[in-house]
Amino acid sequence: MCGIAGILTPSIDLRAEKPLIEKISNTLKMRGPDAKGEYVTPDTALIHRRLSVIDPENGAQPMHFGKYVIVYNGEIYNAHEVREELKSYGYKFDTHCDTEVVLKAFAKWKEESVKKLNGIFAYAVFDKEEKSLFLTRDRIGVKPCYYAKVGDIFAFASRIASLLCIEKIKPKVDKNGLNEIFMLGPAKTIGSGVFKDVSELPPASYLIYKDGHIIINRYWQLKAEENDETVQQAAEHTHFLVKDSIERQLVSDVPLATFLSGGLDSSIISKVASDYYKTDGKQLNTYSVDYTDNDLYFKKSLFQPNKDSDYIGMMSEYIDSIHHNVVLDNTDVAMALGDAAIARGTYAFADIDSSLLLFCKEVKKDFTVCLSGECADEIFGGYPWYHRKEILFEDCFPWSRTTDVRRRILNNGLLPDGEEYMRSAYDNTIAQTSYLDSDTKLEKRMREMFVLNLNWFMQTLLARKDVMSMESSLEVRVPFCDYRLVEYAYNMPWDIKALDGREKGILRKAFENELPYDIVWRKKSPYPKTHNPVYFKCVCDLVRFALDDKDCVLHDMINRNEIENLISNPDSLTEPWYGQLMGVPQIFAYIYQLYIWIKKYNVEFDF
């Protein structure tokens, strides 16, 4: 993977802005530590940092072809097919890297070219003659892309921190941004950059910038279609798409491993990867994460009914992988909260971020690419809110059903329209749902839940995965985000998707003959959190430290008495802040990370 950025402006000679260009490049260094490059003219600068994965000897960027220049971040999993089609039109290739495929595809098909790509990507193509820029992002939103237009300056980047290097782009947060932080966070509205001057290019969209004007078009969206497959046909279809997606994503010219939690999703990926490797006489490496003494403090819950550690060894032995168990120190997880917040450039995701950051740093010591099982739960109905009718039909975000705890920690009078802001975000998402006239009430709601999860819960996890892995210079691929699989799952009848009344029932059936019985029929278990009181004490100390700083705006936003009440009575929190992932320790970590973010980026609040 890589990091990209660019500036277009008629009023500054960018050739004289080498310190600025170097500063922006340095903010992308962890995303691309292997090489760097720039294309600079008086009015245009394109910046690239490379993490070499495919054809490391070639593929330097920015890459030129005719009047076009590209900076590209991503992997194209059908690059071979697109390359062969381009060859049939007479195009010749000098490298094996997918950057050249993307560039020449654009030269051939212009804006329509993005529809031919199956992969994860964000890239920009500059037309030197037309002085126009084409900027796009993959269908699901795996790779990030932010932009800003202030006056006659247009800029884009993989990281918000890169944009903030430009003096005219201010780190200001208005009332909308504050609502994002406290009413929706750690989730974020698609398109929001949180800062007043910064926007996110939405997934499945492309942007054209020319003569000071921005046009954004969507090139893909979910559409309701009939599916009359039998259970057996659906199982076979699911198996094909999942296996094909995994195998396409195993292509790499550098060392590759998989994450293995012992759950269904990562076990499927690891099994397919292991079989693929064995055909070449290779042995797969797998990685899992845990916390010091976590077994001693584990408590069963609706969201986490059993420990991962009971199943990881079983699966590793079954596929004969070389397994590595990374055990994180609880104090280290707390101390890494600040690093995770700085890497984010916006508000962060508590220890869900910091633990992944530390985990990825350990994996990176031996590997550059990993495959992970994110997003199977969103598209195959793995979460409890798909199955508990009292939650399913509630007219709200199922992972944030109330703002009670959010209101408890805010001082009175702050964000008086917070509930309306949250409601509008929910309604706008529901309005994007495509239905069939024949859909029952249940099928309609399941389509809505699919869209809610795709646009919110899944985006939160994908942003976390990208930032924390790339901060470690580790590329993490997500086979369950293949858009073909997403389209197919959206139109699968619920009684087949939840076969036998089980979460991810059809996925279990599709692979029931290839995995141990106990793995296939294990209840879903989420990404592991620490349950150790050592961590709780650390975050209590950190949140107090943050709120003791009277010069920070948080001091006037947060109800200190309520924080102390939660420290003394953590069990008083009956409704989590954000699904299964954020209890009291994570709320404290979230507030501390807000503090670090505000201090690091000199965030100003304008509301």
Side-chain angles (χ1 to χ4, degrees), residues 239 242-243 245-250 252 254-278 282-292 294-295 298 304-328 352 355-377 380 382 461-462 464-465 468-469 472 474-481 503-504 507-508 510-530:
H239 187 279
V242 171
K243 187 170 184 281
S245 177
I246 295 168
E247 290 183 343
R248 285 177 181 269
Q249 299 189 28
L250 289 171
S252 173
V254 296
L256 180 149
T258 67
F259 292 170
L260 177 61
S261 70
L264 177 68
D265 314 328
S266 67
S267 295
I268 289 172
I269 291 173
S270 296
K271 176 62 165 63
V272 173
S274 177
D275 290 348
Y276 186 90
Y277 269 39
K278 286 176 181 175
K282 299 177 182 178
Q283 191 173 11
L284 179 70
N285 280 262
T286 53
Y287 280 81
S288 61
V289 63
D290 206 347
Y291 305 85
T292 302
N294 220 31
D295 283 358
F298 175 79
Q304 192 156 3
N306 42 45
K307 303 190 297 290
D308 286 340
S309 55
D310 296 341
Y311 297 88
I312 292 169
M314 176 196 304
M315 192 61 207
S316 175
E317 182 178 352
Y318 183 77
I319 63 175
D320 190 29
S321 70
I322 302 170
H323 188 70
H324 314 262
N325 184 36
V326 177
V327 179
L328 303 178
I352 314 304
S355 59
L356 183 61
L357 178 63
L358 295 177
F359 178 49
C360 287
K361 286 183 182 295
E362 286 299 310
V363 178
K364 175 60 181 178
K365 292 177 180 179
D366 296 303
F367 291 89
T368 300
V369 180
C370 279
L371 269 61
S372 179
E374 273 104 342
C375 305
D377 291 301
F380 283 111
L461 296 179
L462 287 174
R464 166 223 182 210
K465 183 274 311 168
M468 297 307 124
S469 61
S472 310
L474 178 73
E475 176 185 322
V476 178
R477 300 172 179 175
V478 278
F480 284 103
C481 284
E503 72 281 4
K504 297 182 287 192
L507 186 61
R508 297 176 192 276
F511 287 89
E512 65 180 346
N513 296 323
E514 299 175 44
L515 300 173
Y517 178 89
D518 288 345
I519 298 290
V520 172
W521 300 108
R522 179 190 176 193
K523 292 289 285 185
K524 176 199 160 34
S525 187
Y527 177 83
K529 290 190 305 184
T530 177

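Judged by distance alone, the side chain of Arg508 and the main-chain N or O of Glu503 form a donor-acceptor pair under 3.5 Å. A side-chain donor-acceptor contact under 3.5 Å links Arg522 to the backbone of Gly262. A donor-acceptor pair is defined here as one N or O able to donate and one able to accept, closer than 3.5 Å; no such pair exists between the side chain of Ser316 and the backbone of Ile312. Panel note: side chain Thr258, backbone Ile269; no donor-acceptor pair is recorded below 3.5 Å. Side-chain atoms of Glu475 never come within 3.5 Å of backbone atoms of Thr368 as a donor-acceptor pair (strictly under, hydrogens ignored).
Between the CZ atom in Phe367 and the OG atom in Ser252 there is a gap of 10.5 Å [rounded to 0.5 Å]. To the nearest 0.5 angstrom, Arg477 atom CZ is 6.5 Å from Leu256 atom CG.
For Lys465, the NZ atom sits in a packed shell: over 12 heavy atoms of surrounding residues, nucleotides or ligands are nearer than 6.0 Å.
In this structure, Asp275 pairs ionically with Lys271, as a charged nitrogen and a carboxylate oxygen lie closer than 4.0 Å. Salt bridge present: Lys504 and Asp265 bring a charged side-chain N and a carboxylate O closer than 4.0 Å. A salt bridge is absent between Lys364 and Glu362; no separation between the charged side-chain nitrogens and carboxylate oxygens falls under 4.0 Å.
A donor-acceptor contact closer than 3.5 angstrom links the side chains of His239 and Glu514. A donor-acceptor contact closer than 3.5 angstrom is absent between the side chains of Tyr311 and Ser267. Using a 3.5 Å distance cut-off with no hydrogens or angles, the side chains of Thr286 and His324 do not pair a donor with an acceptor. Side-chain atoms of Ser274 and Ser321 include no donor-acceptor pair closer than 3.5 Å.
The minimum heavy-atom distance between Asn325 and Ser288, with the atom names listed, is OD1-OG, 2.9 Å. For the residue pair Ser270 and Leu284, the shortest heavy atom distance occurs at O-CD2, 3.4 Å. Between Glu512 and Trp521, the shortest heavy-atom contact is OE1-CZ2, 3.8 Å. Shown here for Leu264 and Leu515, the closest heavy-atom pair between the two residues is CD1-CD1, 4.1 Å. The two residues Ala273 and Ile246 have their closest heavy-atom pair at N-CG2, 4.4 Å. Between Val476 and Ser469, the shortest heavy-atom contact is CG2-CB, 3.5 Å.
Checked against side-chain contact (heavy atoms from CB on, under 4.5 Å), Ser261 has the following partners two or more places apart in sequence or in another chain: Ser266, Asp308.
Classified by interplanar angle (parallel below 30°, tilted 30° to 60°, perpendicular above 60°), the ring pair Phe480/Phe380 is perpendicular.
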For this session: Report the C-alpha distance between Val520 and Phe511 in whole Å, list the side-chain angles of each, state the deciding distance to 0.1 Å, and finish with yes or no for side-chain contact (heavy atoms from CB on, under 4.5 Å).
Result: CA-CA 8 Å; Val520 172; Phe511 287 89; 5.7 Å; no

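Among Gln249, Glu247, Arg248, the single residue meeting the side chain to side chain donor-acceptor pair (under 3.5 Å) criterion with Ser245 is Gln249.
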